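A short write-up of the structure that comes next.
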Amino acid sequence: MKKKGSSLKQGIVLLCAVSILLVGCGEKETGSEQPGIEPIEQTGGESGNTFVEGTETPELEGTGVPDSADTGNADEAATENAQILYAAQVRHYYGGILSQITAAWQLPDGELDTSSLENGFGRMSDNRFAVADIDGDGREELIVCYANASMAGMMEIIYDYDPVLGELKREFTEWPMLTYYDNGVIKAEASHNHTHGEFWPFALYQYETESDSYKQIAYVHTWDKEISDEYEGQSFPEELDADGDGTLFSISEGAEPSYEYESYKYNQADYEKWYNEIMDGAQEIIIPYQPLEYESYADFAPDYLKLKAEAAGRERADTADDLGLLILSEDRFLNAAQTLLSEKYGVELEQPEPNFEEHTVGLVDGREVFSFTALDAGDLSYSGEKVGDVTIFGIYPGISIDDAWKRLSAYGFYASPYGEVENCLITGEGFGNISIWFSAEENKVTQITVMPFCAFAG
């Protein structure tokens, strides 16, 4: 059975469901817009800019107005809830970056050398990533170690996302032979040794709180007499080789290494004294790397969205029949929605097109109110009239546009940046997110469609 509005739904699906390029849809005319593109800095190695999506500032999630005797405990619980949500929001954003890398083979702020992948030399999962507070600022960073590439294309990047400002920053980039220390120092070994010494050259970087980035503070390499007894037309300076081992160190402090003849003037003991003073007993940090594949970050988006749903649900008394929440809790959410509607509300389920078994409609008194399409990740629609307490993330046919945006925002939705139709929102761009869009007449919602979402999958 085909009812008025079915063609509209099909048109919107065509605009919004092509997830690899244009799955996201338009923005609300006023309020709740996604913050604009922001340039970011990058330190260490390469230079470049990136752009970020903004998200809302996490609020303290309380449990109502406490009695005065319980104020302290309630405040502690609210603070703890906010901290948990904040951390989950950061990881959720990193899940979007990891989805872009694994599915689209792109960084959020640049290109990757994919020649090895394209030629079948290994897989994306041969690369690694980690999420950890590596700089000690109290917020986790995303470390991406991309080594399945040509030598020139190998890199390790530290990203930092601030959900309050809605900004992503690249703190550091270097060739991926790194050692991290708990004093904020990173030892970065050179990709090649073009010096006249067997000692492998390295740079030291120090984290700076003010710039929230790493600054190169030193570079070390050597000259061995056995390899070459002459440099720049001058003989090895025997008079400087106090320990007689035939090796002199060049220790350059600052961002620029020196290869001048005069810079080779330090002995092993000088180097060790200098190095120990900088490290001051610092301990190596063992990075919790994981394979760069979806299974390693599959929980990032669901964990965040469930926390948002729990917080939003405390303000509602009608969550039992929310079809949107089934996407968060049920692997087969279309079947769960159909079962709820048919058993509790007597919705009659039909397949109106014999040659399209993936399409099912739900009838209320002969009128098509619900529609289910079991293609790709699946989508469901709710149109025309409200049925009992049935909602989709708190919204339903007949609710005002402003109230719909307000309720959806509480669940982590924001305006999709792709701009194909109005009133389309997403919870994020990576795997495990959700897209919802609705049509409206006279400021009232008339039809709602929701589906799982990833901007980088197709």
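On a predicted model such as this, the values are computed, not experimentally measured, just so you know. All heavy atoms count here, side chains included; hydrogens, waters and symmetry mates do not. In this chain, numbering begins with 1 at the start of the sequence shown.
Side-chain contact between Phe438 and Thr449 is absent, with no heavy-atom pair separated by less than 4.5 Å. Between Ile217 and Glu253 the shortest side-chain heavy-atom distance does not fall below 4.5 Å. Considering only heavy atoms from C-beta on, Tyr231 comes within 4.5 Å of Tyr259 through its side chain. Using a 4.5 Å cut-off on side-chain heavy atoms (C-beta onward), Ile285 and Tyr181 make no contact. Residues Gln106 and Glu111 meet the side-chain proximity criterion, which asks for heavy atoms closer than 4.5 Å. Glu174 is not listed as a side-chain neighbour of Met155, based on a closest heavy-atom distance of 4.5 Å or more.
Neither side chain, Ser258 nor Ser252, offers a donor N or O lying under 3.5 Å from an acceptor on the other. For the residue pair His92 and Asn433, a side-chain donor N or O sits within less than 3.5 Å of a side-chain acceptor on the partner.
Between Arg139 and Asp160 there is a salt bridge, since at least one side-chain N of the basic residue sits less than 4.0 Å from a carboxylate O of the acidic one.
You'll find the ring centres of Tyr271 and Tyr266 outside the 6.0 Å limit. In this structure, the ring of Phe199 has its center less than 6.0 angstrom from the ring center of Phe249.
In this structure, Phe372 and Phe370 have parallel ring planes: the angle between them is below the 30° cut-off, well short of the 60° mark.
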